[in-house]
Structures are given as structure tokens and as C-alpha cells.
Amino acid sequence: MPVVLYICFYTVNDTVKPMESTTLIIGASGQIGIELTMALRKKRGNHMVIASDIRPTDDNDLLQGPYEILDVLDKAALESIIEKYNVDEVYLLAALLSATAEKNPEFAWKLNMEGLFNVLDLAKDKKISKVFWPSSIAVFGPSTPRNQTPQHTVMEPTTVYGISKLAGERWCSYYHERFGVDVRSIRYPGLIGFRSEPGGGTTDYAVDIFHKAIETGSYTCFLKENTELPMMMMEDAIRATISIMEAPASSIKERGGYNIAGCSFTPSEIASVIKRTLPTFSITYNPDFRQAIADSWPASIDDSKALTDWGWKSEYDTEKLCATMLTEIGKKKYTPLKPMHKLIV
Ligand code: NAD
């Protein structure tokens, strides 16, 4: 029986270019980027997912496949990477997050908006065919209903980050309506993962608290004890991201950003759950400028539209999230676990 071998690489300007189209992640060294790169490479293969970031990395997982230094504000460099690797879909994660953005509003606006335009314009010019761009619960503001915040509601954000995300949503929707760009977006809540460090958001406390609980047994929280915010385990966020990108285009009815929910809790509630595993854990509160940001955001989110349109459902409640964080951070930091902080999850 004849055997036909298909060679799936060809050479352009001394670079090996895959014939099959690839996926580019911009901002791959960040909190979400590392985990998304790993998840997509598991599905597509290491060399089909191009990780890129403005900073170099020594992360072994990121270096399992191509890793490019790329400033998303440099449109020519972005275009040349898209050409070099035959990129077809882009996940744009590079941004300044809420707390960092308040310290540098002008640059936050530049990075968060120009980076998006660079990618949307390449999609408009048919150089790529699909874009993922994350929005955030920061699109909401103090005049938004705080509980079970609906998909469509009052949106008057008071932070530069929230303003940039709301403007970004409107531009995504505009590029879809006007130019047929297939862009998909999720309003992430605060994301909690054990694999990578958070990048300067208002919900970062909900990651730090687990590290400090295990390392030192105490934590000083920069939000007040009763500040309830929507949160989500990173595994859920990655699953949501990949599933919205894999959904048929006809099922994506919202081209701005979908509400998605995981669980909601306050610092004191999360501290109580941690105490059940680490009974000597203690928490104190020293609110800073991030309190005002948190006060302007929803406490919980109605994500029924994402369920109806593309089948989204969270798998992590607060208990499961805490148990996972304590176990995984414990494993990473203490093998074998220090007897003092032995976990009882
Ligand atoms: P992060 O800060 O951890 O990562 C962002 C990455 O982008 C960093 O590695 C950074 O080096 C890179 N970057 C910065 N400037 C760049 C540039 N000019 N060109 C290329 N790369 C650049 O952020 P994250 O938490 O991974 O968030 C990713 C996206 O998700 C952002 O758009 C953020 O607004 C959104 N989001 C995150 C959360 C969360 O809780 N982490 C919640 C809501 C929305």
C-alpha cells in the first residue's frame, strides 16, 4: 500500500514556517498567559502555539515551544511574527491591570487601547482570522447593580482600567459589526491560580493570602474584611477562554464581552475557610487605594447569557478553590511539607 508523507513545514527567509496555521499568545509570561500557553500547547502541540511577551522568560514550560520577545505596540514586529509563524488566531493578554493602571493612567490607556487596535486591524485586513481579547468586571462602576450584575446594565467605570476595558469592548463589537472581525471576549472576574504570580490587580489579595498563609501563617489584607468580589479559579478561566474560542461563530451573540462567574467571597470569608485547614492562620486589615477600586465593582455576576449562548458553567466553588490553592501551593513550596504548616485538606 503506498504511503504518502505530508511535509508540514516550509522555509521562508531561513525560518521554519509551519504550513498549518498557529496560535499566538501576546503577554504569555503573565498570570493568565503561562497557563493558557500550557493548556493550548497540550491541545495543539508545543510548536503550534507561539508564546510572546515584552520580557524574556526562563520559565521551562513556556520554553517548551517557540517564545518570542514582542512589544504589542510595535505593529511591524507583530505583523512579522504573524507572517513568520503563519499565525491565524491571537490571544491578546498584554495590558496594564487595575491597580498598576491607576499609577500610570496615560500609559495604561496607550497600552490597553493601541495594543488592541494593532491586533483588530490585522484581523480587519484578514491577516488573522480570530481574536481573543479579555475584558473584566472593571467595566462596571458604582452605579451598576452590585449583586448578580446582569450582562446588560449601567456601565460607568471610574478607573482608567475599567474605562479602557469598556472602550475595548465597544471597539471589539464595532470591528465585528463593521468589518466582520471574529473577536471574542470574556469579562474575567478576579483570577486565582497557584502556577503564576498575579500582575497588579485589585483582586491580587486572593492569591497572596494563600502564599502568606503557608509561608508565614498570617496575612495583612489591603481590602476591608467585608469587601465581596467575584472571583474565579484559573482552571475555570482557561476552560472558559478556550471554549468561547472553540464555539461556533453563530453562537457568539455578544461581541463586547460575556459575563462569567465563578464564586464570590470577602477577605474574612476566605480567611475562615483557610483557618479550617491552618487553624493558627491570622489576618489583619490595612485597606489602601485599592479599596476604592473594589468598592466600585460588582459583588456577584449573572452569567446566564454565557451558559445559554456557548454552554459556560463554572466548576469551582469557594471551598474547592481554597482546597486546591492550599494543596498546590503547599506542594510547590514545601516538599515534604513543613510539619508546622502541614495541610489537612
Ligand atoms: P499580567 O500582568 O500578569 O500579564 C500581562 C503580561 O503582558 C505580562 O507578562 C507583561 O510582561 C506583558 N506585557 C506588558 N506590556 C506588554 C507589551 N507592550 N507587549 C507585550 N507584552 C506585554 O496580566 P494577567 O493577569 O495575565 O491578565 C491578562 C489579561 O486579562 C489582561 O488584559 C487583563 O486585563 C485581563 N484580566 C485579568 C484578570 C486577573 O485577575 N488576572 C481579571 C480580569 C481581566
Side-chain angles (χ1 to χ4, degrees), residues 24-39 50-59 62 67-78 81 90-104 107-119 131-140 157 159-169 172 184-208 229-234 236-238 240-241 257-262 290 293-294 297-298 301 321:
L24 173 67
I25 301 179
I26 303 172
S29 280
Q31 190 196 9
I32 302 171
I34 294 181
E35 307 222 23
L36 184 62
T37 304
M38 286 164 65
I50 319 308
S52 74
D53 203 285
I54 198 165
R55 51 189 167 121
T57 187
D58 55 5
D59 187 293
L62 284 178
Y67 187 89
E68 293 276 352
I69 300 297
L70 171 68
D71 178 354
V72 70
L73 297 177
D74 183 344
K75 195 173 178 198
L78 170 61
I81 283 177
V90 171
Y91 291 74
L92 170 56
L93 304 177
L96 276 205
L97 272 60
S98 57
T100 321
E102 285 311 300
K103 293 180 181 160
N104 196 349
F107 181 67
W109 180 257
K110 183 179 170 67
L111 174 61
N112 295 6
M113 299 315 300
E114 276 179 34
L116 176 59
F117 280 125
N118 284 349
V119 173
V131 176
F132 176 81
W133 173 81
S135 185
S136 158
I137 55 159
V139 292
F140 301 116
T159 60
V160 64
Y161 177 68
I163 297 168
S164 75
K165 288 295 182 186
L166 180 54
E169 282 197 9
C172 286
R184 301 165 185 218
S185 177
I186 282 172
R187 293 172 184 152
Y188 289 134
L191 300 183
I192 300 170
F194 52 84
R195 174 66 179 72
S196 44
E197 300 296 320
T202 302
T203 52
D204 286 5
Y205 92 84
V207 178
D208 295 339
L229 288 169
M231 303 284 186
M232 179 173 281
M233 190 75 210
M234 187 62 82
D236 264 351
I238 299 297
T241 306
Y258 273 96
N259 276 6
I260 58 166
R290 289 168 279 194
I293 302 178
W297 287 354
I301 298 286
L321 179 151

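Remember, it's 1-based here, ligands and their atoms both numbered in the order they're listed.
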Test item: T241 and F132 side chains (from C-beta on) under 4.5 Å apart, heavy atoms: yes
Does ligand 1 have any N/O pairs with the protein under 3.5 Å, and how far apart?
{"residue": "ligand 1", "atom": "3 (O)", "partner": "Q31", "partner atom": "N", "Å": "2.8"}
{"residue": "ligand 1", "atom": "9 (O)", "partner": "G30", "partner atom": "N", "Å": "3.1"}
{"residue": "ligand 1", "atom": "9 (O)", "partner": "D53", "partner atom": "OD2", "Å": "2.7"}
{"residue": "ligand 1", "atom": "9 (O)", "partner": "R55", "partner atom": "NE", "Å": "3.4"}
{"residue": "ligand 1", "atom": "9 (O)", "partner": "R55", "partner atom": "NH2", "Å": "2.8"}
{"residue": "ligand 1", "atom": "11 (O)", "partner": "D53", "partner atom": "OD1", "Å": "2.6"}
{"residue": "ligand 1", "atom": "11 (O)", "partner": "R55", "partner atom": "NE", "Å": "2.8"}
{"residue": "ligand 1", "atom": "18 (N)", "partner": "D71", "partner atom": "OD1", "Å": "2.8"}
{"residue": "ligand 1", "atom": "19 (N)", "partner": "L70", "partner atom": "O", "Å": "3.4"}
{"residue": "ligand 1", "atom": "19 (N)", "partner": "V72", "partner atom": "N", "Å": "2.9"}
{"residue": "ligand 1", "atom": "21 (N)", "partner": "I54", "partner atom": "N", "Å": "3.4"}
{"residue": "ligand 1", "atom": "25 (O)", "partner": "Q31", "partner atom": "OE1", "Å": "3.4"}
{"residue": "ligand 1", "atom": "26 (O)", "partner": "Q31", "partner atom": "N", "Å": "3.2"}
{"residue": "ligand 1", "atom": "26 (O)", "partner": "I32", "partner atom": "N", "Å": "2.9"}
{"residue": "ligand 1", "atom": "32 (O)", "partner": "K165", "partner atom": "NZ", "Å": "2.9"}
{"residue": "ligand 1", "atom": "34 (O)", "partner": "Y161", "partner atom": "OH", "Å": "2.5"}
{"residue": "ligand 1", "atom": "34 (O)", "partner": "K165", "partner atom": "NZ", "Å": "3.1"}
{"residue": "ligand 1", "atom": "40 (O)", "partner": "L191", "partner atom": "N", "Å": "2.9"}
{"residue": "ligand 1", "atom": "41 (N)", "partner": "Q31", "partner atom": "OE1", "Å": "2.8"}

Go through the steps to decide whether L70 and L78 satisfy the test side chain to side chain contact (heavy atoms under 4.5 Å, CB included), and finish with yes or no. CA-CA 7 Å; L70 171 68; L78 170 61; 3.8 Å; yes
L73/I54 under side chain to side chain contact (heavy atoms under 4.5 Å, CB included): CA gap, chis, key distance, verdict: CA-CA 10 Å; L73 297 177; I54 198 165; over 6 Å; no
Beyond-backbone contact of C172 with L116, side-chain heavy atoms, under 4.5 angstrom: yes
We want to know whether S185 and S135 form a side-chain donor-acceptor pair, criterion being a heavy-atom distance below 3.5 angstrom. no
Any chance you could lay out the side chain to side chain contact (heavy atoms under 4.5 Å, CB included) test for E169 and R187, step after step, and finish with the verdict? CA-CA 9 Å; E169 282 197 9; R187 293 172 184 152; 2.7 Å; yes
